[in-house]
There are 2 protein chains.
Amino acid sequence: MAEDRWTPPAVMLAVDLVILTLREWRLHVLLVERGVEPFKGALALPGGFLQHAEEDLTAAAHRELAEEAAMNVETLHLEHLGVYGTPGRDPRGRVVSVAYLAIAPGLPEPTAGTDAAGARWQRVDQVLSGDLKLAFDHWQIVWDGVESARAKLERSALATAFCGPTFTISDLQQVYEAVWGISLDPRNFYRKVQKTSGFIVAAGPERKVTTGRPARLFRAGPCKVLNPPMVRPVEPSNAKGPEE
Amino acid sequence: MAEDRWTPPAVMLAVDLVILTLREWRLHVLLVERGVEPFKGALALPGGFLQHAEEDLTAAAHRELAEEAAMNVETLHLEHLGVYGTPGRDPRGRVVSVAYLAIAPGLPEPTAGTDAAGARWQRVDQVLSGDLKLAFDHWQIVWDGVESARAKLERSALATAFCGPTFTISDLQQVYEAVWGISLDPRNFYRKVQKTSGFIVAAGPERKVTTGRPARLFRAGPCKVLNPPMVRPVEPSNAKGPEE
DNA sequence: AGAATAGTGTCTTTAAGACACTATTCT
DNA sequence: AGAATAGTGTCTTAAAGACACTATTCT
């Protein structure tokens, strides 16, 4: 350990991206078909190695997104999700991957980039159920990303980011229902979001193009932290201890 | 980008450890005095480079803890805290550091290890206030670790882990007060913890060695997730949006 | 008129916040 | 007796859960 002139071992550093969006009221994740070995042809998260030793991690993440999915979304807010570095997770050697999470409204249809044979949106439920197999440990990364997104809806005003610039209250409710995978009472939901000051603000008396009574439109409000938080109904397990 | 035989750049990977404990009802963090350049002599978090390319990250974290603080705490549960990889954060080159967080009850007094001139507990408030300067970006890492610990107290039964095997309710209250840095109403606290099923369980009719009425002892219960969570009083800022 | 969707009101229950009092040990 | 700490009870208020009804547009 205290050898002279010892230099630390080098590892390969990669970034992986969990990009979540809502399409047809279902949560989707951006996946690419790998164009190179290993796992050539398999589905995987967009991502890749750092390009040079001084590249910033988030810069690498944005670059990979552009390269593999031709998505030049500079405004996309990437957030640290976790580190995946178990030895043996990548057959090419020791690869430590830093995962980032982004959540956004209807993103454009991606197109194939240089390193991937194709990029497309896949339903998250099909990934998590195992119907779609992913390369490496990417199933775990997607799981962690979805869990993180679900938790964020509780305390942050993130749900509005899933909608367009303006939206109706039932649009917003459908975001919660799609991400949480449950259904909510519309009456209690209306009350809750309207009394959470700064969550949503009216966006003019516009109307909407459907049958039935037209809905009022809203925009995201200035309040970014929901207090009190939205409550996610608890699944029966572990709500009560097995005491008594 | 699509060069043949291109190999990714190597980076140096380090681990850093935020070990939090409670001593004299104040939150303390384990710091070492650096024995080598850079920042020789300065205070820093325990941590260091991976030893070999196949070392597991958590294994490296435990090894550094043993080396730098002579703390062989195999049972210590380390949890991923974040990644700190801004280019330039380490004068030796591109170093990406993975930070881990551990929270534990009265840990032993550390002793100096091989790579550090000394290891000791420092009060977290003195670090966060800037009275104690830390090497690298370790101030930020400590901040993130403390924030994470504060948030964990809300939804998890972690606070019991700060106490010994048995504890009184006011012991537990003091954990919350020390970590959150506020004071709580003992009557409401009693009610809350007692009605949170599975949080604490009675540990016999034992008594305690102080003046005044002896207190009942409890042990940590089986319930790991607090539902509903403990509520942390909100600081006045951002509780309300600036609307209306 | 009737279908379809939007929006509001009320009652109940749970739990937090703010209080004051009783209980048990010690010297 | 009095000091010191432990523990309980009550009232009020905020907010979630569970309901049924009214409102506005379309065909």
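Note on naming: letters A, B, ... go to the chains in the order of the sequence lines (proteins, then strands), and numbering restarts at 1 for each one. Excluded from the calculations below are hydrogen atoms, water molecules and symmetry mates; all remaining heavy atoms, backbone and side chain alike, are included.
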TODO: Measure from CG on N227(A) to P on dA14(D) and round the result to the nearest Å.
DONE: 14 Å
Open item on the list: Heavy atoms from C-beta onward define the side chain here; which of dA15(D), dC19(D), dA16(C) lies closest to that of N188(A)?
Closed with: dC19(D)
Open item on the list: Once rounded to the nearest 0.5 Å, what's the spacing between atom CD1 of I19(A) and atom CG of L101(A)?
Closed with: 7.5 Å
Task: Between P of dA16(D) and CZ of R232(A), the distance in whole Å - done: 16 Å
Open item on the list: Mind checking if Q173(A) touches a base, just sugar-phosphate, or nothing, with heavy atoms under 4.0 Å?
Closed with: nothing
- [ ] Would you mind telling me which of F189(B), W25(B), F162(B) makes a ring-ring contact (aromatic ring centres under 6.0 Å, His included) with Y176(B)?
- [x] F189(B)
Task: Residue met sooner reading DNA chain C from 5', once M230(B) and G212(B) are mapped to nucleotides - done: M230(B)
Open item on the list: Counting only side-chain nitrogens and oxygens, does Q194(B) get under 4.0 Å of the OP1 or OP2 atom of dT8(D)?
Closed with: yes
TODO: Could you let me know what dA3(C) is paired to, Watson-Crick or G-U wobble, both distances under 3.5 Å, or none if it's on its own?
DONE: dT25(D)
- [ ] Whole angstrom is fine here: how far is it from NZ in K195(B) over to P in dG17(C)?
- [x] 12 Å
Task: Base dA15(C) paired with R191(B) side chain (donor-acceptor, <3.5 Å) - done: no
- [ ] Just compare dG17(C), dA16(D), dT24(D) and give me whichever is closest to any side-chain atom of P214(A).
- [x] dT24(D)
Open item on the list: Counting only side-chain nitrogens and oxygens, does T211(A) get under 4.0 Å of the OP1 or OP2 atom of dT25(D)?
Closed with: no
Task: Sugar-phosphate only, base, or nothing, as touched by T168(B) at under 4.0 Å among non-hydrogen atoms - done: nothing
Open item on the list: Please report the distance, rounded to the nearest Å, between CG in L184(B) and P in dG17(C).
Closed with: 9 Å
Task: Spacing between I182(B) atom CD1 and dA16(C) atom P, to the nearest angstrom - done: 14 Å
Open item on the list: Whether R155(B) and E154(A) form a salt bridge (side-chain N of Lys/Arg under 4.0 Å from carboxylate O of Asp/Glu) is what I want to check.
Closed with: yes
Task: OP1 or OP2 of dA15(D) under 4.0 Å from side-chain N/O of K192(A) - done: no
Task: Crowding at CH2, W180(A) (>12 non-hydrogen neighbours, <6.0 Å) - done: yes
Task: Rounded interatomic separation in angstrom, taking CD from Q174(B) and C1' from dT5(D) - done: 12 Å
Task: Atom CH2 of W139(B) with >12 non-hydrogen neighbours under 6.0 angstrom - done: yes
Open item on the list: In whole Å, I'd like the distance from the CG atom of L217(A) to the C1' atom of dG7(C).
Closed with: 14 Å
Open item on the list: Taking the nucleotide of DNA chain D with the nearest heavy atom to each, does D185(A) or R213(A) sit closer to the 5' end?
Closed with: D185(A)
Task: Pairing partner (Watson-Crick or G-U wobble, both distances under 3.5 angstrom) of dA16(D) - done: dT12(C)
Task: Length of the CG-P vector between D171(B) and dT5(D), whole Å - done: 13 Å
- [ ] For R216(A), report the nucleic acid contact type (base, sugar-phosphate, nothing); a contact means any heavy atom under 4.0 Å.
- [x] sugar-phosphate
- [ ] Among V29(B), T21(B), L20(B), find the residue that satisfies the side chain to side chain contact (heavy atoms under 4.5 Å, CB included) test when tested with W121(B).
- [x] T21(B)
Open item on the list: Heavy atoms from C-beta onward define the side chain here; which of dA15(D), dT8(C), dA18(C) lies closest to that of R187(A)?
Closed with: dT8(C)
